[in-house]
Amino acid sequence: MSRAVPVLMYHHVSPHPGLVTITPERFRAQMRTLAERGWHTLSAADFAGFLNGQPVPPKSVLITFDDGYLDNYLHAHPVLVEYRLHALFFVVTGWLGDGPPRAPGQSDPPDHRECMRRIQAGRPDDVMLRWSELAAMRAAGSGEFHSHTHTHTRWDRTVADATERRERLYDDLLRSRAALSANLGAASEHLCWPQGYFDGDYQKVAMAAGFRYLYSVRRGVATPATDPASIPRIVAKDRAGGWLRHRLAIYRWPGLAAWYARAREGRDHA
């Protein structure tokens, strides 16, 4: 049984350099490293079982993506299928569109800053996934889809009154669950916070809305002792497969992982 599960965090897989982006070539190299080194990619159900004391294979890892960018379908999905790996995609349901799946080469999403500009301009379909693409990825076994809220709003920054803030967050989470249920048939207990922000009120609201497993950007690895309301993750860097191999050699051991996280605190998010 694995004593620790590293939870990898990705956003963009794109040839356009920018924030929170890994190139397709380096993403392929990292996924090849996982496959060739015998790492087992968990489902959300597997991971929840692990947090509740159920055994998982010794070299287990959870792959997560935040936001739901189109490049995930165009560049990450084919690689995951090729290496028979599985990922969790936390999607902003209000940004997802309708229409047929797009093909590689049909659309070339821009860098992160331009993606944000188009979303703010009311053009999310230019750069975000469509429900049909989620369905195609799920059918191929490369991914499953969970909540990253409906609007990606930081309510702590936009609403001063605490009661109203809780109400707005609760409505946002329910809208996300409703969209996932309507389009995919179900909404899970797994939620990833926008920009990693949460506090005690956020956690209580999420639990009331039906979520139990809450993903953060706090550095570290998950163990059976991990609080499901504050799941740590590891930022996946735009580096080659050797970088990931080295990190996983550290993060699969709880004691070594804790020491390394303390040593790197304030230096980076690797």
Side-chain angles (χ1 to χ4, degrees), residues 1-11 22 26-27 29-66 76 79-80 83-90 141-147 188-193 196 198 203 206-207 211-237 239-270:
M1 174 180 173
S2 179
R3 297 175 58 195
V5 172
V7 182
L8 302 178
M9 177 174 61
Y10 294 90
H11 288 75
I22 181 173
R26 286 178 170 167
F27 180 74
Q30 291 185 11
M31 297 303 101
R32 183 173 63 247
T33 293
L34 292 180
E36 292 178 350
R37 295 278 170 166
W39 283 87
H40 178 80
T41 51
L42 300 179
S43 68
D46 294 333
F47 183 61
F50 170 75
L51 294 178
N52 287 286
Q54 298 176 15
V56 294
K59 295 174 72 173
S60 289
V61 63
L62 193 69
I63 300 174
T64 68
F65 284 82
D66 288 7
V79 175
L80 293 169
Y83 290 110
R84 298 183 179 180
L85 302 174
H86 183 82
L88 278 61
F89 293 83
F90 293 100
S142 67
E144 58 185 270
F145 302 91
H146 305 276
S147 178
S188 79
E189 296 180 310
H190 296 253
L191 166 70
C192 177
W193 294 116
F198 67 94
Q203 290 174 314
M207 298 292 183
F211 295 102
R212 181 180 177 191
Y213 301 97
L214 311 179
Y215 294 73
S216 73
V217 296
R218 181 172 60 87
R219 188 208 315 270
V221 297
T223 74
T226 294
D227 180 2
S230 183
I231 296 168
R233 293 190 291 171
I234 301 162
V235 175
K237 296 280 188 145
R239 306 233 180 118
W243 172 87
L244 182 60
R245 183 174 65 251
H246 176 262
R247 289 299 186 273
L248 291 179
I250 295 171
Y251 281 115
R252 66 178 296 197
W253 305 106
L256 185 58
W259 169 84
Y260 186 76
R262 289 193 298 270
R264 301 297 296 183
E265 191 65 38
R267 297 180 60 183
D268 60 29
H269 295 284

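Small disclaimer: the values here were computed from a predicted structure and weren't measured.
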### Query
Just how far is it from atom CZ of Phe50 to atom OG of Ser2, taken to the nearest 0.5 Å?
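Phe50 CZ to Ser2 OG: 5.0 Å, rounded to 0.5 Å.
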Phe198 side, atom CZ; Leu214 side, atom CG - distance, nearest 0.5 Å:
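With rounding to 0.5 Å, CZ (Phe198) is 8.0 Å from CG (Leu214).
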### Side-chain ion pair, Arg218 and Asp227, N-O less than 4.0 Å
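Not counted as a salt bridge, because no side-chain N and carboxylate O are separated by less than 4.0 Å.
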Minimal non-hydrogen separation, [X] against [Y], with atom names:
X: Pro6; Y: Val221; result: CA-CG1, 4.1 Å
X: Gly141; Y: His86; result: O-ND1, 3.1 Å
X: Val235; Y: Met9; result: CG2-CE, 3.3 Å
X: Phe89; Y: Ser142; result: CE1-O, 4.0 Å

Would you call [X] and [Y] a side-chain contact if the rule is heavy atoms closer than 4.5 Å?
X: Gln30; Y: Leu8; value: no
X: Arg233; Y: Cys192; value: yes
X: Ile63; Y: Leu34; value: yes
X: Val7; Y: Phe47; value: yes
X: Leu62; Y: Tyr215; value: yes
X: His190; Y: Phe90; value: yes
X: Arg247; Y: Ile234; value: no

Partner set under side-chain contact (heavy atoms from CB on, under 4.5 Å) for [X], not counting sequence neighbours:
X: Thr226; value: Leu51, Ala222, Thr223, Pro232
X: Ala76; value: Val13, Phe27, Phe65
X: Arg245; value: Thr33, Arg37

The salt bridge (charged side-chain N to carboxylate O under 4.0 Å, His left out) partners of Arg26 (sequence neighbours excluded) come to Asp238
query = Going through the distances and angles, do Val56 and His40 end up as a side-chain contact (heavy atoms from CB on, under 4.5 Å)?
reply = CA-CA 9 Å; Val56 294; His40 178 80; 6.0 Å; no
side-chain hydrogen bond (donor to acceptor under 3.5 Å, both in side chains) pairs touching residues 43-63, sequence neighbours excluded, are Ser43-Asp46, Asn52-Arg212, Asn52-Tyr213
Those residues at least two apart in sequence (or on a different chain) that pass side-chain hydrogen bond (donor to acceptor under 3.5 Å, both in side chains) with His146 are Glu144, Ser188
Arg3 atom CZ, neighbour heavy-atom count above 12 within 6.0 Å =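 No - once you tally the heavy atoms of other residues, nucleotides and ligands closer than 6.0 Å, there are 12 at most.
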